[in-house]
Amino acid sequence: MDKFQEAICAFANDLPNSRKNGYLILGAYDDGTLSGLKVTDDLLKKIAAIRSNGNILPIPVMSVDRYQFPEGDLLVAEVSPSDLPPVRYRGRTFIRIGPRRDIATEAEERILAERRMSFMATFDTMPCLAAKLSDVNTDLVRTKYLIPLLGKELVDSDTRPIEEQMAAVGMYDTEHQCPTYAAVVLFGYKPRRFMPGLYVQYVRFKGEDVTSDVENEMQLEGNFCELLPRLESLLELSVIKKKPVFVSILREEMVSNYPYQAIRELLLNACMHRDMQSNTPLRFYEFASHLEILNAGGLYGNARPENFPRINDYRNPLVASAMKTLGYVNMFSRGIGQVQTDLKDNGNKPAQFDVSMLTAFLVTVEQKDIERFKFVPSDGTPTVTSEGDVPSLSQALSPALSPVLSPVCPQLSEGQLEKIENVIKYLLSASGSITELMNCVGEKNKNRFRQTILKPLVDTGLVEPTIKDVPNSPKQKYALTDKGREKLQAMT
């Protein structure tokens with residue numbers, strides 16, 4: 001039995017890498033004549049039990065059969081080469097050297113160990129046996145991936161079939177004549193046919209949990225070349241909300257409830273690291289005061305709860321590499337740190353990561369309250385306005401601007417002052433022609449605009465023409481003077 005099990009171990013290791021099955025035969029002599037052995041059921045069970053008796057690890061792939069002849073029976077054990085070498089019998093590694101078996105040296109064990117690593121393919125690099133080349137958009141493969149990765153000249157000069165070009169970058173399996181899962185995920189026409197959970201479920205709830213009423217719901221699916229732009233559009237149009245906030249009398253800023261880049265990074269990471277084999281979708285839930293991203297697949301590889309997020313590993317390395325080529329991620333292992341920085345700069349609390357779930361990964365981000373903001377009046381005292389109490393530019397500027405304009409225009413109506421303020425607001429960001437300035441205040445009469453709006457601004461030195469030597473030039477524009485900017489700054 002020892003020699004028999006050593007031989008099974010040696011065949012499973014397949015040191016020459018022939019990828020051919022090995023056979024052990026009981027009931028025949030070396031010259032091929034039968035010995036008259038009677039193969040009983042008990043003998044069959046005894047030999048078959050070798051597979052899982054714990055002496056040979058990892059458990060070999062083998063089958064046992066009985067062949068009956070008039071001269072006697074044969075028992076044949078067929079052993080397949082292992083994809084997880086080295087295989088050991090009672091802690092020792094046996095290999096075949098020509099017609100005999102022997103114990104492997106350290107160098108031979110290292111060869112087997114390296115082969116084990118090469119066989120341990122990640123899911124995205126495995127062949128999608130149910131798919132065909134026609135299930136993949138090869139035009140997308142060429143234009144979105146091969147050309148950015150290799151360069152247009154090299155791709156144009158490559159005369160090989162598209163299957164071989166895709167195989168060279170891990171997108172096609174030539175042995176099984178089918179695309180890999182990475183190709184289906186990234187460029188497939190209908191990837192959910194092969195991975196039912198490959199979609200994003202977005203739900204907006206009115207309250208703080210999933211029991212509250214649903215305001216909006218949608219499913220986003222498709223290959224990553226289609227899905228990822230849709231996720232970006234969803235963020236911009238539905239999730240990220242912006243509003244103008246005054247930070248001084250003459251300046252306003254756009255503030256948002258969430259920083260776009262941070263939420264985008266979290267969603268892209270969820271797509272990149274998800275367990276593609278799971279039937280659970282990527283859940284993107286928006287609540288009244290926070291967001292939740294729940295993804296199939298917990299921490300992977302070298303990433304563990306005690307070292308996250310300092311250590312990173314890739315469940316889908318081929319997909320991750322392609323997303324880098326497509327311009328969605330950078331693979332610098334700094335995404336989580338940048339997310340926390342963006343959240344802090346935007347006034348949000350840090351994102352919370354729940355890595356305690358073995359089969360899922362949860363991220364929670366609390367919303368910034370953009371209904372309250374600071375307005376700094378002329379005395380410099382910060383004031384937090386109440387909800388809806390948003391001062392207009394006219395309310396903020398009129399008391400300070402009137403004394404500046406009164407020497408040249410003592411009879412300043414409220415409507416005139418408001419138009420002057422709108423012109424100032426326009427010129428704070430860029431110069432403008434008289435037509436552009438008239439449009440910004442809704443004025444139709446050019447002469448009236450010159451006399452009642454533009455002339456007071458020029459006479460006080462706040463505004464000046466950009467072409468001073470030719471006042472009536474058709475290319476004439478108006479801009480704030482340096483002195484005017486200083487005056488306006490002094491007002492604040």
Side-chain angles (χ1 to χ4, degrees), residues 83 114-133 135-151 154-155 158 160-200 221-229 231 265 267-278 282 295-303 311-333 335 361:
D83 288 340
E114 290 175 350
R115 190 175 301 160
R116 177 192 186 107
M117 296 301 297
S118 68
F119 285 137
M120 293 177 65
T122 55
F123 177 75
D124 60 341
T125 62
M126 294 173 60
C128 184
L129 299 176
K132 301 177 181 178
L133 184 64
D135 293 313
V136 175
N137 188 334
T138 54
D139 289 336
L140 275 183
V141 175
R142 186 178 186 278
T143 58
K144 295 290 186 179
Y145 188 57
L146 292 179
I147 289 178
L149 180 67
L150 305 173
L154 182 59
V155 174
D158 194 342
R160 293 178 299 172
I162 187 63
E163 295 94 325
E164 294 185 20
Q165 296 183 46
M166 291 172 59
V169 292
M171 295 293 170
Y172 194 81
D173 189 289
T174 53
E175 180 179 351
H176 298 91
Q177 295 296 304
C178 64
T180 61
Y181 279 100
V184 176
V185 168
L186 294 162
F187 312 108
Y189 284 112
K190 294 181 179 180
R192 281 192 66 187
R193 288 175 51 194
F194 312 100
M195 289 158 283
L198 197 67
Y199 67 98
V200 177
E221 59 181 87
N223 62 59
F224 275 16
C225 286
E226 300 167 341
L227 176 63
L228 301 185
L231 277 179
E265 178 75 17
L267 281 173
L268 293 179
N269 279 349
C271 291
M272 180 171 64
H273 291 292
R274 68 160 286 130
D275 180 1
M276 305 290 182
Q277 302 178 75
S278 173
L282 194 164
N295 195 31
L299 294 178
Y300 178 80
N302 293 325
I311 302 299
N312 191 19
D313 209 338
Y314 294 96
R315 176 178 278 107
N316 307 298
L318 188 53
V319 169
S321 177
M323 287 178 65
K324 182 178 188 298
T325 302
L326 294 170
Y328 287 103
V329 297
N330 53 43
M331 295 181 69
F332 293 156
S333 298
F361 189 96

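All values derive from a computational prediction rather than experimental measurement.
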Looking only at heavy atoms, what is the nearest atom pair of [X] and [Y], with distance?
{"X": "L146", "Y": "V155", "value": "O-CG2, 3.6 Å"}
{"X": "P127", "Y": "C178", "value": "CB-SG, 3.5 Å"}
{"X": "D124", "Y": "L318", "value": "OD2-N, 2.8 Å"}
{"X": "V184", "Y": "A131", "value": "CG2-CB, 4.2 Å"}
{"X": "G335", "Y": "E265", "value": "CA-OE2, 3.5 Å"}
{"X": "M276", "Y": "C271", "value": "CE-O, 3.8 Å"}

Say you draw a straight line from [atom1] of [X] to [atom2] of [Y]; how long is it, rounded to the nearest 0.5 Å?
{"X": "L140", "Y": "L326", "atom1": "CG", "atom2": "CG", "answer": "9.5 Å"}
{"X": "L133", "Y": "M171", "atom1": "CG", "atom2": "CE", "answer": "13.0 Å"}
{"X": "N137", "Y": "R142", "atom1": "CG", "atom2": "CZ", "answer": "12.5 Å"}
{"X": "Y172", "Y": "E163", "atom1": "OH", "atom2": "CD", "answer": "5.0 Å"}
{"X": "M166", "Y": "T174", "atom1": "CE", "atom2": "OG1", "answer": "11.5 Å"}
{"X": "D158", "Y": "E164", "atom1": "CG", "atom2": "CD", "answer": "8.5 Å"}

Are the side chain of [X] and the backbone N or O of [Y] linked by a donor-acceptor pair below 3.5 Å?
{"X": "T325", "Y": "L149", "value": "no"}
{"X": "N223", "Y": "G188", "value": "yes"}
{"X": "R315", "Y": "F123", "value": "no"}
{"X": "N316", "Y": "T122", "value": "no"}

Legend entry - Counterpart residues, side-chain hydrogen bond (donor to acceptor under 3.5 Å, both in side chains), relative to D313 (two or more places apart): none
Legend entry - For E221, side-chain hydrogen bond (donor to acceptor under 3.5 Å, both in side chains) partners two or more places apart: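 With sequence neighbours excluded, E221 shows a side-chain hydrogen bond (donor to acceptor under 3.5 Å, both in side chains) to R192, given in chain and number order.
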Legend entry - P179: which of V136, L129, D135 passes side chain to side chain contact (heavy atoms under 4.5 Å, CB included): V136
Inset, instruction - Please assess H273 against N312 for the test side-chain contact (heavy atoms from CB on, under 4.5 Å), listing each intermediate value before the final yes or no. - result: CA-CA 10 Å; H273 291 292; N312 191 19; 3.9 Å; yes
Inset, instruction - Starting from the C-alpha separation in whole Å, work towards a yes-or-no answer on side-chain contact (heavy atoms from CB on, under 4.5 Å) for Y181 and L198. - result: CA-CA 12 Å; Y181 279 100; L198 197 67; over 6 Å; no
Inset, instruction - Would you indicate whether the side-chain heavy atoms of T125 and T180 approach each other to under 4.5 Å? - result: no
Legend entry - Close side-chain approach of Q165 to V141, heavy-atom, < 4.5 Å: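 No - every pair of side-chain heavy atoms lies 4.5 Å or more apart.
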Inset, instruction - Name the orientation class of the two ring planes belonging to Y145 and F187 (parallel below 30°, tilted from 30 to 60°, perpendicular beyond 60°). - result: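 Ring orientation of Y145 relative to F187: tilted.
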Inset, instruction - Start with the C-alpha distance between V185 and M195, add both sets of side-chain angles, then the distance that settles side-chain contact (heavy atoms from CB on, under 4.5 Å), and finish with yes or no. - result: CA-CA 9 Å; V185 168; M195 289 158 283; 3.6 Å; yes
Legend entry - side-chain contact (heavy atoms from CB on, under 4.5 Å) evaluation trace for F224 with M272: CA-CA 10 Å; F224 275 16; M272 180 171 64; 5.9 Å; no
